[in-house]
Structure formats: structure tokens, C-alpha cells
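Since the structure comes first, as C-alpha cells, the remarks are kept for the end.
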Amino acid sequence: MAITSIRGFNDILPGTSGQWRWIEETAFSLFGLYGFSEIRIPVVEKTELFCRSIGETTDIVEKEMYTFPDRRGDSMTLRPEGTASVVRAYIERKLYTAPVSKLCYTGPMFRYERPQKGRYRQFYQIGAEVLGDPSPGVDAETLEMLMRYFAALGVEGVELKINSLGCAACRPAYKERLLGFLKNTEDRLCENCVRRIGTNPLRALDCKSPGCIEATVGAPEITDCLCGKCNTHFEEVKSALSLYGHDFIVDSRMVRGLDYYSRTTFEITSGALGSQNAVAAGGRYDSLVKELGGPDTPCFGFAIGMERLALVLGTDSFSPTELSVFIPMGAGTKEASVGIVRALRESGLPVAEDFSETSLKSRMKRADRLGARFVMILGADELAEESVTLKDMAAGTQDLVKWNGLESLLAERLTSR
RNA sequence: GUGGGCGUAGCUCAGUUGGUUAGAGCACCGGACUGUGACUCCGGGGGCCGGGGGUUCGAAUCCCCUCGUCCACCCCA
């Protein structure tokens with residue numbers, strides 16, 4: 001039996017990788033316009049980092065991490081997300097000496113989950129974090145950047161949902177109120193929510209089981225219980241978003257699965273995705289840097305799911321550059337071929353040389369299957385004329401073209417379509 | 001971790017109540033056409049019927065186990 005890949009770990013094949021590269025390049029160049037720079041972070045970190053940042057009682061830490069001892073016996077973990085590493089680097093490298101840090105990243109993340117549409121064990125994220133600015137303007141501007149990014153890619157039909165989770169001053173009081181409410185309806189809640197009632201009662205609001213939906217009708221809403229500062233912050237985020245012209249829905253029941261969020265949280269969903277419908281999500285995390293041992297640093301960040309974004313975009317949104325095929329045939333053509341092909345490539349034209357020595361018929365067929373728009377043939381006749389036969393595969397026409405000036409002529413014909 | 005669907009040629013899939021040597025379309029290779037692809041015609045190569053066990057004279061087909069895959073639950077980007 002041949003060796004296969006690991007379940008949930010995919011190969012991104014040539015048909016897709018060009019689109020992925022375009023998605024990443026578009027992101028980083030646009031984010032650059034907002035002042036972001038790329039940070040490259042390790043794929044493996046000490047397990048403790050994720051336990052402390054994501055939260056001990058979250059599903060990610062409890063049952064989804066790839067954790068293993070290294071050769072010394074220290075506990076290592078394949079990163080399940082990027083924010084923890086960025087914050088760790090921010091503290092360790094003392095980036096807080098700058099007034100504000102805007103960092104973006106991309107790369108694989110790992111979670112041991114059952115694979116399904118838009119969910120894999122190794123998956124890719126593009127993320128961005130603003131560290132060191134408490135302003136509501138940062139929340140809105142970063143969301144504006146995300147929406148502009150989706151527009152630049154041609155993504156359609158996405159929905160922005162926002163919420164505020166409050167802060168250390170107002171969330172505990174809200175939790176108590178909610179807890180009081182849930183205690184009265186506990187018998188109608190699902191098993192899972194009953195279990196979580198002590199650790200994370202907010203999850204019951206997000207639960208899709210019919211019993212929980214029914215039982216939580218009329219539950220106190222977090223957005224009605226925000227403290228003055230959080231309320232002002234939320235109002236300013238909303239009005240700034242309107243200023244940018246972005247539609248949004250306030251969903252006071254949207255709860256994030258990571259413990260570090262505070263105040264603004266959001267989710268961008270697409271109907272094109274099936275049940276894993278979030279293409280991007282994130283929010284504010286004002287206390288995480290301090291909790292990990294750094295200075296008090298308010299932050300805002302998000303992550304985009306690459307596979308999901310590619311799914312939303314579909315396959316026809318990206319067309320690769322057109323390849324030409326060069327066919328030398330017969331004795332004495334090798335020497336001239338080297339120079340011609342090199343000159344074409346130096347002019348930025350993609351060329352594949354056909355080294356096979358079969359019939360011209362089969363070589364033409366191969367060129368066609370490779371998707372060549374133009375084919376150049378160099379045989380004894382052409383060699384004598386210092387020319388190639390240049391065939392337009394789409395039009396079916398061909399003519400004899402001198403080597404001198406071939407690059408510019410081909411470039412011209414490729415663009416004048 | 002739970003549930004359901006599906007595993008037959010490179011791809012998409014047929015395969016009768018269990019019965020000779022497992023098929024089709026597309027793709028691939030060659031020829032018709034000795035230097036011209038796509039269309040046409042002719043020919044050809046390709047299969048541990050996901051793997052293991054069982055029932056049977058006989059299994060792609062029935063039973064059990066297992067692995068993979070897809071979708072959903074859960075969870076999340």
C-alpha cells in the first residue's frame with residue numbers, strides 16, 4: 001500500500017496554489033497600506049503559551065491541540081492559532097517600545113478536529129493584530145480594511161456581525177445576571193450547556209440545540225449591561241463603521257470560543273460555505289498582553305480562513321499567466337534553442353521547452369494540453385532562415401518570425417487578445 | 001468524540017435474485033495524416049472492485065471488522 005497523507009492534511013496542488021499566492025499577496029499589499037508589516041512566527045511553541053492565552057477550559061485547549069514532548073521531555077504544541085505567538089513575540093522582543101505595532105502573518109495552524117467542508121486539521125490563516133491602541137477607531141478601521149480586502153478579491157455576499165463582550169468591570173456582573181437566569185431554566189438546557197454553566201455560561205446563548213434556543217428566549221443581553229466606557233466604545237465603533245459605509249448586524253448572542261476577547265468581537269460569514277460559515281473573525285483583547293507578562297496593552301486582531309476564502313471565491317476567479325511552448329526538432333537546433341528560450345524568459349514570458357523526440361503531431365498535442373496559446377517550432381527550415389514558426393493555437397494561424405524581435409512580437413500578441 | 005452517505009480504470013460512474021475473462025464515457029498512447037493540436041475514424045495500454053476475515057461449489061455483489069473520504073453534530077478561521 002502506497003504511503004498516503006495524514007487525515008485532514010491536504011496538498012495544495014498547482015491548480016489552486018496560484019490562487020492562494022494571489023490571495024496572500026493581495027492581503028499583504030493592502031494591509032501594508034494601513035501600516036501593517038509581516039511577522040513570521042514559529043509553528044511550534046511551548047504548550048503553556050496556548051493554555052494561558054486561549055484558555056484552559058476552551059475546546060481548543062481541552063481536546064484539539066497537537067501536543068507532544070520533545071526529546072528533552074518539554075511539552076510542545078503545534079500552533080492552533082496565531083495571536084498567542086504574535087503576543088509572545090511582542091512581549092519577548094519588546095516591540096511595545098513603539099507607540100503601536102501593526103503586525104500581520106500567514107501560515108498553517110493545527111487543530112485535531114473531525115474534517116469536513118471548510119475544516120481541516122492543518123489549515124491556513126491570514127491574520128492581523130494591532131497592539132497598543134485602545135481607540136474604537138482602530139476596531140472600525142481594521143474592519144474597514146477587512147471589508148476592503150474582500151472587495152478587492154471580488155468576494156460577494158458576506159455578512160458582518162458584531163458584538164461587545166464588555167470588560168473586566170462589567171462582564172462579571174452580566175455573567176451573574178445570566179447565571180441567575182439560566183439557573184431557572186436549567187432543566188431545559190442541553191447536557192453540554194449545563195456542564196458549561198459554571199465555567200462559561202455565555203456559550204448557552206450561542207447553542208443551536210432547540211431546547212437551549214427556547215430556554216434562553218428573554219435572557220439578559222450583554223449589550224444592555226455594558227459599563228459606561230464599554231458602551232461608549234461600542235457606540236463609537238458602530239458609528240465609525242457607518243461612516244465607512246459598511247453594513248453590519250449587532251448580534252448580542254455571538255460568543256467567541258477563545259477566552260481572551262473583550263469588548264468588540266465580530267464574525268464575517270458567507271452563505272456559500274455550508275455549516276463552517278465564518279470566513280473571518282476576531283475582536284479586541286485588551287488584557288491578554290498583560291496576562292502573558294507584558295505591559296498593559298490593548299489590542300485588536302482578526303484571522304481569515306484561507307480554505308474558506310478560496311471556497312467562497314470559487315475556481316474561476318483566478319487565471320494564471322499564459323504559457324508558450326517551444327519545440328526544437330532535428331539536428332543542429334539545440335544551440336539556437338538555448339538562446340531563443342533564454343531571451344524569451346528574460347523578457348518575462350513563460351516558456352516551456354519540449355524535449356521529447358516524438359512526432360511533431362504528438363508534441364503539438366502535448367502543447368495543446370498544456371494550455372499553450374502560442375507554439376514555436378524550430379526545425380531545419382526555420383534554422384536556415386534564423387526564424388521560428390509561430391503558431392497561434394486559438395486562431396489556428398501561423399507565420400515565420402525572425403529570432404531577432406521574437407520576444408516583443410510574442411509579448412504583443414499575448415496582450416492584444 | 002457522535003451520527004449518516006460513499007469507496008469499482010487517471011476522472012465521472014454502470015455492474016441484473018451471488019454465476020464464464022469486471023464494463024462505459026472522458027482522459028492517455030499509437031495510426032489514418034513520414035513537419036502541425038482541438039473535430040472524425042481505427043487500434044492499444046491500463047483494475048489487489050479500499051484492506052482483512054467470514055458465508056458459499058462460486059463474492060465487486062451477502063455478513064463482520066478495519067481504513068479512507070464526504071456531509072452534519074460538536075467546535076471554529
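Below, chain A is the first sequence line, B the second, and so on; all start at residue 1.
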**Message:** I'd like to know whether A:Tyr149 forms a ring pair (Phe, Tyr, Trp, His ring centres under 6.0 Å) with A:Phe31, so could you lay out the CA-CA distance, the side-chain angles of the two residues, the decisive distance to 0.1 Å, and finally the verdict.
**Reply:** CA-CA 8 Å; A:Tyr149 173 55; A:Phe31 296 176; 5.6 Å; yes
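- Under the Watson-Crick and G-U wobble criteria, each requiring two contacts below 3.5 Å, nucleotide B:C49 is left unpaired.
- Side-chain N/O atoms of A:Gln116 include one lying less than 4.0 angstrom from OP1 or OP2 on B:A72.
- With a 3.5 Å ceiling on both atom-pair distances, the Watson-Crick or G-U wobble partner of B:A24 is B:U12.
- Annotation: B:C41 and B:C33 have their C1' atoms spaced 12 Å apart (nearest Å).
- With no hydrogens or angles considered, a side-chain donor-acceptor pair links A:Thr264 and A:Asp139 at under 3.5 Å.
- Nucleotides B:C62 and B:G43 are separated by 40 Å at their C1' atoms, to the nearest Å.
- Applying the 4.0 Å criterion to OP1 and OP2 of B:A77, one finds that A:Arg256 has a side-chain N or O inside that range.
- One finds a salt bridge joining A:Glu141 and A:Lys102 here, because a Lys/Arg side-chain nitrogen approaches an Asp/Glu carboxylate oxygen to under 4.0 Å.
- Comparing the same atom, P, in B:U34 and in B:G15 gives a spacing of 44 Å after rounding to whole Å.
- For A:Lys361 against B:U36, no side-chain N or O and base N or O form a donor-acceptor pair under 3.5 Å.
- Rounded to whole angstrom, the span from the OH atom of A:Tyr260 across to the C1' atom of B:C76 amounts to 12 Å.
- For B:A72, the paired base is B:U2 (Watson-Crick or G-U wobble, both distances below 3.5 Å).
- Rounded to whole Å, the C1' atom of B:U69 lies 36 Å from the corresponding atom of B:G30.
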**Working for salt bridge (charged side-chain N to carboxylate O under 4.0 Å, His left out), residues A:Glu307 and A:Lys117** = CA-CA 9 Å; A:Glu307 288 84 355; A:Lys117 187 175 187 176; over 6 Å; no
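- Across all strands shown, A:Ala372 has no heavy atoms under 4.0 Å from either base or sugar-phosphate atoms.
- Just one residue in the list A:Arg88, A:Arg52, A:Arg79 forms a salt bridge (charged side-chain N to carboxylate O under 4.0 Å, His left out) with A:Glu45, and that residue is A:Arg88.
- The interatomic distance linking A:Asp381 (CG) with B:U36 (C1') rounds to 13 Å, in whole Å.
- Backbone-only engagement by A:Ser362 is indicated by non-hydrogen atom pairs under 4.0 Å involving sugar-phosphate atoms exclusively.
- Among the atoms of the strands shown, none is found under 4.0 Å from any heavy atom of A:Lys63.
- A:Glu382 comes within 4.0 angstrom of a nucleotide base, judged by non-hydrogen atoms across all strands.
- Within 4.0 Å of A:Leu309, counting heavy atoms only, lies no atom of the nucleic acid at all.
- The partner of B:G18 is absent, by the rule that a Watson-Crick or G-U pair needs both atom distances under 3.5 Å.
- Under the 3.5 Å distance criterion, with hydrogens and angles disregarded, a donor-acceptor pair is assigned to the side chains of A:Gln116 and A:Ser275.
- Counting atom types as modelled, A:Arg114 pairs a side-chain N or O with a base atom of B:U2 as donor and acceptor under 3.5 Å.
- Between A:Arg363 atom CZ and B:C33 atom C1' the separation is 18 Å, expressed in whole Å.
- Nucleotide B:U55 has no partner under the Watson-Crick or G-U criteria, as no pair reaches both atom distances under 3.5 Å.
- In this entry the distance linking CD1 of A:Ile23 with P of B:A77 reads 19 Å, nearest Å.
- Among the heavy atoms of the strands, none lies under 4.0 Å from A:Ala367.
- A:Gly127 comes within 4.0 angstrom of nothing in the nucleic acid, heavy atoms only.
- Residue A:Ser275 places at least one side-chain N or O under 4.0 Å from the OP1 or OP2 atom of B:C73.
- Of the P atoms belonging to B:G3 and B:A59, the separation is 32 Å, rounded to the nearest Å.
- Under the 30°/60° scheme for interplanar angles, the aromatic rings of A:Phe300 and A:Phe266 are found to lie parallel.
- As rounded to the nearest Å, B:C71 and B:U17 have P atoms that lie 32 Å from one another.
- For A:Arg366, no side-chain nitrogen or oxygen approaches OP1 or OP2 of B:A27 to under 4.0 Å.
- Across all strands shown, B:C39 forms no Watson-Crick or G-U wobble pair with both distances under 3.5 Å.
- One can place CZ of A:Phe50 at 14 Å from P of B:A77, the figure rounded to the nearest angstrom.
- A:Glu64 comes within 4.0 angstrom of sugar-phosphate atoms only, judged by non-hydrogen atoms across all strands, and of no base.
- Figure legend: A:Arg121 and A:Tyr112 shown as a cation-pi pair, the cationic atom lying under 6.0 angstrom from the six-membered ring centre and within 45 degrees of its axis.
- In the set B:G35, B:G37, B:G30, B:G37 carries the atom at the smallest distance from any side-chain atom of A:Lys365.
- Contact annotation for A:Gly396: base contact, defined as any heavy-atom pair under 4.0 Å involving a base atom.
- On the P atoms, B:C73 is 40 Å away from B:C28, given to the nearest whole Å.
- The base-pairing partner of B:G7, taking Watson-Crick or G-U wobble contacts with both distances under 3.5 Å, is B:C67.
- With C1' as the reference atom, B:U66 and B:C29 are 38 Å apart, rounded to whole Å.
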